[in-house]
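I have placed the structure first, in the form of structure tokens, so that the comments after it can refer back to it.
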Amino acid sequence: MSHVTVPAHGVMEGKGAYNKHATIPASGAVLALPFLERASQEVTLGNEPDPIVIADYGSSQGKNSLRPMRVAIRNLRPRVSPNRPVFVFHIDQPTNDFNCLFEVLSSDPDRYALDEAHVFPCAIGRSFYEQVLPPHSVHLGWCSYAAVWLRQIPSLIPGHFFPGHSTGAAREHFERQAAEDWETFLSLRATEMRTGARFIVVLPALAEGAPGFGRVMDHANAVLAEMVNERAITADERAHMVLGSYPRRKDELLAPFTRDGTFRDLSVEQLDISPLPDAVWAEYRRTGDKQVLAMRHALLFRAIFMPSLARALAGVRAGDETALQTFADRLQNGLIKRLTIDPSPVDMCVQTLVLAKSGA
Ligand SMILES: C[S@@+](CC[C@H](N)C(=O)[O-])C[C@H]1O[C@@H](n2cnc3c(N)ncnc32)[C@H](O)[C@@H]1O
């Protein structure tokens, strides 16, 4: 088994596909809104007329950020003068579809700056495993369904592509990488946050005793094996398909804080774990339409994970757009076929951490 370290990809499918199909992250973030609301009411805001800085780490194409940013601004505004400037920085990787993000920020009917003359949306194309904002500049941080993506892939996974289904040495490599990346991520955010700032991190978690997304991952794995047999992809390309998405357990999230209760002046104010039932499954129970259920789950998988898997294809790395589409369509169709025969709910959990920064 190879021990590799390649950068994780983790960029979502472009041209608005993620915005359209990312229903599970959208519902997960809704469960975290009460925590964001409270943090916005409690965060230290410093002196007028200094701008208030909100950072949205891993915004993707922006649609799922609109509601949380609106909640934050709605709760901050009454605490400051009506014309105090608010900067909202949306941070994502340079290859994110920023065109789509800007379109959403300027034209979506639900855009948070619509009735707010003194709110200024901005975007930063840089990995959140680097410092993305100046030290002591951020009042309020938000990061939803993004910190689950590692900085790099530490290992191939024999027979699979999902770290959650790795075992043995591969599993150990992922656990170590996830621990290291979590500390790096927290240290960088601690540097960027002001004293009294709050940071809300929303993360997917595997639900105890429920297959969750694991079942969809296994079906996708089977489709990839079919594609090797059909020679649609090579065995070597398949072997190098590994996701950098690692859902951490509660003890892994809390590990940096166990030594002395704080980590780089950050402390955990709250850690909430809530079940997130599959809304698509609930709709299927009403309609009985297996095709629609399978299609929705397949499109969700495609929008989130397909681009990372496709990076292993020589054609895609060379910039061949047709190779990308062919791969994505074949994977999607195979997945729909399997999910129609074997329908199951994608029940997950949502972990919300509220971090507060103390110190000088
Ligand atoms: C599943 S999407 C979440 C988008 C949105 N926050 C939501 O809740 O729907 C994950 C996002 O994290 C971004 N991401 C992953 N690794 C990143 C990194 N190292 N730096 C910045 N963004 C990253 C991806 O590019 C992607 O846009």
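Every heavy atom of this structure was used, including side-chain atoms; hydrogens, water molecules and symmetry mates were not. Just follow the structure's listing: the first ligand is 1, and inside any ligand the first atom is 1. Not measured: the values here are computed from a predicted model.
Using a 4.0 Å cut-off between heavy atoms, Tyr57 makes no contact with ligand 1 at all. Residue contacts with ligand 1, taken as heavy atom pairs separated by less than 4.0 Å, involve Trp149 solely via side-chain atoms from C-beta onward. With a heavy-atom cut-off of 4.0 Å, Asn64 touches ligand 1 through its side chain alone.
Phe301 and Phe305 have tilted rings, their planes meeting at an angle from 30° to 60° on a 0 to 90° scale. Aromatic ring pairs are classed by plane angle as parallel below 30°, tilted from 30° to 60° and perpendicular above 60°; the pair Tyr57 and Phe199 is perpendicular. Ring-plane geometry between Phe185 and Trp182 is classed as parallel, the angle between the planes falling under 30 degrees on a 0 to 90 degree scale with a further cut at 60.
Here the options are Arg77, Arg84, Arg111, the test is salt bridge (Lys or Arg N to Asp or Glu O under 4.0 Å), and the partner is Glu116; only Arg77 passes.
Close approach to Tyr129 involves these atoms of ligand 1, each under 4.0 Å from a residue heavy atom: 19 (N). When each atom of ligand 1 is checked for a heavy atom of Val11 under 4.0 Å away, the hits are 25 (O). Annotation for ligand 1: atoms under 4.0 Å from non-hydrogen atoms of Pro25 are 9 (O). Of all atoms in ligand 1, listed by their number and element, those nearer than 4.0 Å to a heavy atom of Tyr145 are 1 (C), 2 (S), 3 (C), 10 (C).
Taking only nitrogen or oxygen atoms, main chain and side chain alike, Tyr18 reaches within less than 3.5 Å of ligand 1. Checked by distance only, ligand 1 and Ser127 come closer than 3.5 Å through their nitrogen or oxygen atoms. An N or O contact shorter than 3.5 Å is missing between Ile91 and ligand 1 by distance.
Remark: the backbone N or O of Gln131 is not paired with any side-chain donor or acceptor of Arg189 at under 3.5 angstrom. Checked by atom type and distance alone, the side chain of Asp110 never pairs as donor or acceptor with a backbone atom of Arg67 at under 3.5 Å. In this structure, Asp278 contributes its side chain and Asp347 its backbone to no donor-acceptor pair below 3.5 Å.
Counting heavy atoms only, Ser144 comes closest to atom 8 (O) of ligand 1 of the residues Ser60, Ala22, Ser144. Among Gly58, Pro204, Ala146, the residue whose heavy atom sits closest to atom 5 (C) of ligand 1 is Gly58.
Scanning all protein heavy atoms for the shortest distance to atom 24 (C) of ligand 1 gives Gly10 O, 3.0 Å. Nearest protein heavy-atom neighbour of atom 17 (C) of ligand 1: Phe128 CZ, 3.4 Å. Gln93 NE2, 3.4 Å is the protein heavy atom nearest to atom 16 (N) of ligand 1.
The environment of Met295 atom CE is sparse: at most 12 non-hydrogen atoms of other residues, nucleotides or ligands sit within 6.0 angstrom.
In this structure, Arg248 is not positioned above the aromatic face of Tyr246 in the sense of NZ or CZ being under 6.0 Å from the six-membered ring centre and within 45° of the axis.
Rounding to the nearest 0.5 Å gives a distance of 9.5 Å between CG of Leu156 and CZ of Arg238.
Residue contacts with ligand 1: Asp92 is included, with a non-hydrogen atom under 4.0 Å away.
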